[in-house]
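Read the structure below first, then the notes.
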Amino acid sequence: MSIQTATKTLANGVEMPWVGLGVYKAEAGNEVERAVKSALEAGYRSIDTASFYGNEHSVGKAIAESGVPADDIFLTTKVWNDEQGFNETLEAFERSREKLGVDVIDLYLIHWPVPGKYKETWGALEKLYEDGKVRAIGVSNFTDQHLEELMKIAKVKPMVNQVEFHPRLFQKDLLEYCQTHDIQLEAWRPLGQGDLLDADPVQRIAEKHGKKPAQVLIRWSMENNVITIPKSVTPERIKSNAEVFDFALDAEDLQAIDGLNEDRRYGYHPDNFPYS
Ligand code: NAD
């Protein structure tokens, strides 16, 4: 098994890679193009971007120039908060698709649950799915309450919920809720933007396995059945973050890392996001 072949089956049967490259704050132009090309060379087959990141055009360019067939790459993008609403989302999708230069987006997500808007937005995602323009649809930053509300009106259930998830924010209840409803949880900020790499058990466990702290954190998400998208723009780190298929964490390792949980967020709680 390798980063190129390791996939998880979503509720609708679509295969999604276990590990992808996140490109938040990877600058449009050379920086993100080099990151995407390095990732594809290292075997990554999943890229996570968003219209908000302002780098979709460069991501698309890098994919086109990489020599890897676009069909082999699982591409995720997201509708931003000020693009939500039924017609607005359909238009935002076309803008994203054009920038990315692909016919079909693999996974389209609602970036944040904008109050009063996200249900209408979900209707647009369902239409895109029914029209075959996206292979899977999902949400991001949804709590179990948002999911409950969404499920009251949804014709198609979200296949993915992408949320902040790492050892300091081990969202066990949300994970359980998503598992019960066959919604795949996906971790953003899996390395705590680098802050978690120095944490004692992570360092110690990395040494024990002859691995890097970042690899231990990526593996921790996977061991919890959570897909993950670590970000880096440094080719050596991108390559190293992919080398997580030749070891496993044992029960003792998991217990020690789980002990880091303090329900601490590096980003916003979805209920406190400055939506307007
Ligand atoms: P992250 O936890 O992936 O940390 C990235 C940082 O960790 C890098 O900038 C680098 O400084 C460091 N790093 C990476 N690999 C390393 C290595 N091998 N050794 C040492 N340091 C290393 O943080 P993130 O970028 O915030 O999250 C990952 C991705 O999740 C994003 O790029 C984006 O695609 C997605 N995301 C989504 C949302 C959302 O609201 N849906 C929010 C934030 C991020």
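Each ligand, and each atom within it, is numbered from 1 in the order the structure gives.
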Only one of T228, N141, D48 clears side-chain hydrogen bond (donor to acceptor under 3.5 Å, both in side chains) with Q162; which? D48
Report the relative orientation of the aromatic rings in Y24 and Y53; use parallel for angles under 30°, tilted for 30 to 60°, perpendicular for over 60°. tilted
Between V104 and V156, is there shared hydrophobic-cluster membership here, with clusters defined by ILVMFWY side-chain heavy atoms closer than 4.5 Å? no
Would you check if there is a donor-acceptor pair between the side chains of T49 and E56 at a distance under 3.5 Å? no
Contact between ligand 1 and P190 is defined here as a heavy atom of the residue under 4.0 Å from a ligand atom; is it met? yes
Subset of ligand 1 atoms that lie under 4.0 Å from at least one heavy atom of N141: 39 (C), 40 (O), 41 (N)
Contact (N/O only, under 3.5 Å) between R189 and ligand 1: yes
Which residue and heavy atom of the protein sit nearest atom 43 (C) of ligand 1, plus the separation: W188 CE3, 3.1 Å
N or O contact, A187 vs ligand 1, cut-off under 3.5 Å: no
Is there any N or O on V23 that sits under 3.5 Å from an N or O of ligand 1? yes
Would you mind listing which atoms of ligand 1 come within a distance below 4.0 Å of any non-hydrogen atom of H111? 39 (C), 40 (O), 41 (N)
Has ligand 1 got any nitrogen or oxygen that is less than 3.5 angstrom from a nitrogen or oxygen of N241? yes
Would you say G192 and ligand 1 have an N/O pair spaced under 3.5 Å apart? yes
Can we call the ring centroids of Y177 and H181 under 6.0 Å apart? yes
Starting from atom 19 (N) of ligand 1, which protein heavy atom do you reach first, and at what distance in Å? R237 NE, 3.5 Å
Nearest-contact summary for atom 21 (N) of ligand 1 - protein heavy atom, Å: L197 CD1, 3.3 Å
Considering non-hydrogen atoms of the protein only, which is the closest contact for atom 3 (O) of ligand 1, and what is the distance? K231 N, 2.9 Å
Could you go through Y108 and L75, starting from their C-alpha distance and side-chain angles, then the distance that decides it, and tell me whether this counts as side-chain contact (heavy atoms from CB on, under 4.5 Å)? CA-CA 9 Å; Y108 198 43; L75 196 50; over 6 Å; no
Yes or no: does Y266 have any heavy atom under 4.0 Å from an atom of ligand 1? no
For atom 12 (C) of ligand 1, what's the nearest protein heavy atom and its distance? G194 CA, 4.2 Å
Taking atom types as modelled, is there a side-chain donor on Y129 or R135 under 3.5 Å from an acceptor on the other? no
Protein contact of atom 31 (C) of ligand 1 - nearest heavy atom, named by residue and atom, plus distance: Y24 CB, 3.4 Å
State whether a side-chain donor-acceptor pair under 3.5 Å links Y275 with N81. no
Between E148 and K152, does any NZ, NE, NH1 or NH2 come within less than 4.0 Å of an OD or OE carboxylate oxygen? no
Are L217 and L169 connected in a single hydrophobic cluster, I mean Ile/Leu/Val/Met/Phe/Trp/Tyr linked by side-chain heavy atoms less than 4.5 Å apart? no
Looking only at heavy atoms, is any part of L109 under 4.0 Å from ligand 1, and if so is it the side chain, the backbone, or both, or is it neither? neither
Which is it for V163 and ligand 1 at heavy atoms under 4.0 Å: side chain, backbone, both or neither? neither
Do you see a donor-acceptor pair shorter than 3.5 Å between the side chains of H166 and E164? yes
Output the list of atoms in ligand 1 that are nearer than 4.0 Å to some heavy atom of D48, sorted by atom number. 33 (C), 34 (O), 35 (C)
Element-labelled atoms of ligand 1 that are located less than 4.0 Å from some non-hydrogen atom of A214: 17 (C), 18 (N)
In terms of side-chain heavy atoms, does W220 have a donor or acceptor partner in D253 at a distance below 3.5 Å? no
Check this for me, if you would: do D103 and K133 make a salt bridge, where the nitrogen-to-carboxylate-oxygen distance has to be below 4.0 angstrom? no
So which heavy atom in the protein is nearest atom 13 (N) of ligand 1, and how far is it from that ligand atom? L191 CD1, 3.8 Å
For P230, take its heavy atoms, then give the atoms of ligand 1 lying under 4.0 Å from any of them. 3 (O)
Do Q193 and ligand 1 have an N or O pair less than 3.5 Å apart? yes
Distance to 0.1 Å, residue and atom name: give those for the protein heavy atom nearest to atom 29 (C) of ligand 1. I229 O, 3.2 Å
Between atom OG of S221 and atom CD1 of I227, what is the distance when rounded to the nearest 0.5 Å? 10.5 Å
